[in-house]
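For this chain, numbers begin at 1 and follow the sequence in order.
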Amino acid sequence: MDFCLYWRPGGTMTGGSLGLRQSGSCGSLQLHAQNGGFQLQNLYLPHRSSKTCLNGYREKETFLPAAFRYLSRKKVAMLILSVFALLAFLTGFFTVNKEDDFESIGLPFDARYLKNSYVAPWLLPGKGAFTYNTTSDSSSSVTVFTNPCKNFAFPPPPPGDTRRIGPRPCPVCYVPMEQAIACMPKFPSPSPVLHRLTYFSEENSLKTQPNGGSEFGGYPSLKQRNESFEIKESMTVHCGFVKGCRPGYKTAFDIDVADLELLEQFHEVIVASAIFGNYDVIQQPSNIGEIAKRNVPFFMFIDEETETYMKNMSTLGSDKMVGLWRVIVVHNVPYTDSRRNGKVPKLLLHRLLPKTRYSIWIDGKLKLVVDPYQVLERFLWRHNATYAISRHYRRFDVFEEAEANKAGLKYDNTSIDRQIEFYKREGLTPYTTAKLPITSDVPEGCVIIREHVPITNLLSCLWFNEVDRFTSRDQLSFSTVRDKVAAKVNWGVNMFLDCERRNFVIQAYHRDLLEQRAHLALLRPRRPPPRPLPHPPTIPRDKGLPKKGVGRHGKAKRPGSRRRRRNPKTREIFFD
């Protein structure tokens, strides 16, 4: 039996302070270096009389000329540089002390990072070292790590930048990659109550109620919907792909047999994304370790429209690889809305990859910049969680989210109102602190980290059924499904901060916005190069006047030369 035990030796930090004291009317300060640091100390001098100070004042007339002569020497440059270096040192010292004092206040994280946050290094300096020892016997094997993130604390935010508004990333501490891989659980996590989950399969589904979903989802009735929230040990629910017995094969959302066989293989960890309607540009992951490159598949689901564009742009070859991404082409998509087609692999990934343990879903506009093993360790394994999703960076109430969707024309307003009224009749209320420890009712939704166990698969199915029945805005239905499941079993979702999500994924623009900007750049008139300034016209000189500086005999007169003349009366010599 393996255990992953984290511990970190304690450390202390010592610092000094600078003191400044003045004594006497004619005191002085000297700078000393002690123990590799600087300290300002005061030299206590005997008090001088006022007469002595007046004498010093009278001696200024003799001191100033000597000082000016000293300043004219080359050593003055070194003196000025020394003064500036001292000022820079003092400024940095007091700035650091000020930040340390702010950090010691201990403000709540939300109060410090609601509007200001920033990106920190992957691992803070001095915390990256780790050691592990493995001792094995006939009964167990224990692995002990020095956890660099055990005592990790968020540093204070930097000063606000008025030129950049909106959400920001915030620091996240990841353990080294080898340590993250070693801490992967050896066995699946327990699924509370639910142990066996199966899915409805019907060749011909009949729509019995208005707004009852789609043919791809099987048109579940309201009675079947309500029964799906009654958690039992063995359950059968609607979960898309109702036609046939093999998801992706003659069920709509069809995938080539060769690709299906690849998806149905056993995978410890996968990363998945999708682009439908040629809506986004594939973003290549970065900072991915060699172990992840060999063992973690990156699956990108695209439709035929996106495939045609990529082939025309010569970005997709016969090997179906685009960088790290293995492209999976989907035929016979079930919906006319590309965004709704993207919900199929996003929420039903466990059906397309039935033998996968862990998955990380990222939207097509996102770029993964942290190794998948480190992400899983940080948001699942470290918290003993099986489902993790970030909460919205600003809104945490479903009613506010609905109004924002209506204002942004995200979906038909009538459909949004119908969905919210339905949830209100079921008991949906605005978010309050009474729901704690639940911190939000609105997820961001573009990143989902999960372990494929029955309880998380059920949540994904029920969430998809709500999206299929109502609007495709999945943020509106998430809390309803989560709360109904949590009311029946002792299980919850790890909703981490959105600024932490922005630490390991970078958001890019959609293709239409990128093409619009490129088009505007081409239409923008270019400024012509500036014309060269004409040379000033030459002023013609008068031929009758002699040129300046030329004497009567054509000889140039030296500048500053004086001619000696004699006064004939007094015979005195003078210069003109």
Side-chain angles (χ1 to χ4, degrees), residues 184-200 217-218 220-240 346-351 353-361 376 379-391 396 398 422-423 425-429 431-445 447-470 474-496:
M184 178 187 295
K186 303 300 182 183
F187 304 99
S189 299
S191 177
V193 181
L194 178 61
H195 296 155
R196 185 174 183 269
L197 182 64
T198 56
Y199 313 102
F200 276 109
S221 64
L222 286 178
K223 180 181 178 181
Q224 291 173 325
R225 172 188 178 271
N226 295 334
E227 289 177 351
S228 64
F229 291 107
E230 298 295 330
I231 312 300
K232 297 177 292 186
E233 183 177 356
S234 179
M235 298 179 62
T236 300
V237 297
H238 286 82
C239 197
K346 175 180 179 178
L347 301 179
L348 304 184
L349 199 59
H350 63 283
R351 298 218 62 189
L353 295 101
K355 298 181 181 179
T356 296
R357 291 191 63 192
Y358 299 96
S359 66
I360 300 175
W361 169 268
L376 288 168
F379 297 102
L380 282 190
W381 305 334
R382 195 181 302 181
H383 300 276
N384 292 324
T386 56
Y387 201 101
I389 190 171
S390 66
R391 66 196 196 198
F396 45 85
V398 176
F422 182 88
Y423 290 156
R425 291 194 298 267
E426 285 195 330
L428 177 66
T429 58
Y431 178 85
T432 62
T433 55
K435 290 188 176 183
L436 292 174
I438 297 175
T439 56
S440 175
D441 283 345
V442 182
E444 184 60 34
V447 172
I448 302 177
I449 309 168
R450 56 193 154 182
E451 180 182 1
H452 293 192
V453 293
I455 192 64
T456 60
N457 295 341
L458 175 65
L459 176 72
S460 299
C461 290
L462 301 183
W463 192 8
F464 173 80
N465 292 340
E466 297 298 297
V467 172
D468 188 50
R469 176 182 294 272
F470 297 106
D474 50 22
Q475 296 96 331
L476 301 179
S477 54
F478 171 79
S479 63
T480 295
V481 177
R482 177 202 61 189
D483 295 344
K484 286 180 176 292
V485 174
K488 301 295 182 179
V489 297
N490 184 18
W491 177 82
V493 177
N494 177 23
M495 295 192 71
F496 55 91

Enquirer: If we only count heavy atoms from C-beta on, is the S234 to H195 side-chain gap below 4.5 Å?
Expert: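 No. Closest side-chain heavy atoms not under 4.5 Å.
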Enquirer: Can you find a side-chain donor-acceptor pair between H238 and S228 that sits under 3.5 Å?
Expert: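 Absent: no donor and acceptor within the cut-off.
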Enquirer: Is there a donor-acceptor pair closer than 3.5 Å between any side-chain N or O of S191 and the backbone N or O of I455?
Expert: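 Here the side-chain-to-backbone pair exists.
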Enquirer: Mark yes or no for whether R469, through its side chain, and P220, through its backbone, hold a donor-acceptor pair below 3.5 Å.
Expert: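 Yes, because the side chain of R469 sits within donor-acceptor range (under 3.5 Å) of the backbone of P220.
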Enquirer: Indicate yes or no for a side-chain donor-acceptor contact from W463 to the backbone of D474 under 3.5 Å, with no hydrogens or angles considered.
Expert: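 Yes; at least one donor-acceptor contact below 3.5 Å.
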Enquirer: Ring-plane angle category for F422 and F470, please: parallel below 30°, perpendicular beyond 60°, tilted otherwise.
Expert: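 Answer is tilted, since the angle falls between 30° and 60°.
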Enquirer: Applying the side chain to side chain donor-acceptor pair (under 3.5 Å) test to S460, which of K346, R450, R351 qualifies?
Expert: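 The side chain to side chain donor-acceptor pair (under 3.5 Å) with S460 is passed solely by R450 among K346, R450, R351.
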Enquirer: Can you pull out every side-chain hydrogen bond (donor to acceptor under 3.5 Å, both in side chains) where at least one residue sits in residues 478-487? Sequence neighbours excluded, please.
Expert: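 Found D441-R482.
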Enquirer: Does F496 have more than 12 heavy atoms from other residues, nucleotides or ligands lying within 6.0 Å of its CZ?
Expert: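 Yes, enclosed.
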Enquirer: On the 0 to 90° scale, with breaks at 30° and 60°, tag the Y387-W491 ring pair as parallel, tilted or perpendicular.
Expert: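 The arrangement is perpendicular - the two ring planes meet at more than 60°.
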Enquirer: List the residues meeting salt bridge (charged side-chain N to carboxylate O under 4.0 Å, His left out) with K488, not counting sequence neighbours, and say none if there are none.
Expert: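 Checked K488 against salt bridge (charged side-chain N to carboxylate O under 4.0 Å, His left out); matches are E230.
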Enquirer: What is the distance from atom OG1 of T429 to atom NZ of K435, rounded to the nearest 0.5 Å?
Expert: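 That separation rounds to 4.0 Å.
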Enquirer: Hey, is the main chain of V481 close enough, under 3.5 Å, to the side chain of E466 for a donor-acceptor pair?
Expert: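 Absent.
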Enquirer: Say whether, by atom type as modelled, one donor and one acceptor occur between the side chain of S390 and the main chain of M495 under 3.5 angstrom.
Expert: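 The answer is no, because no donor-acceptor pair under 3.5 Å joins these two groups.
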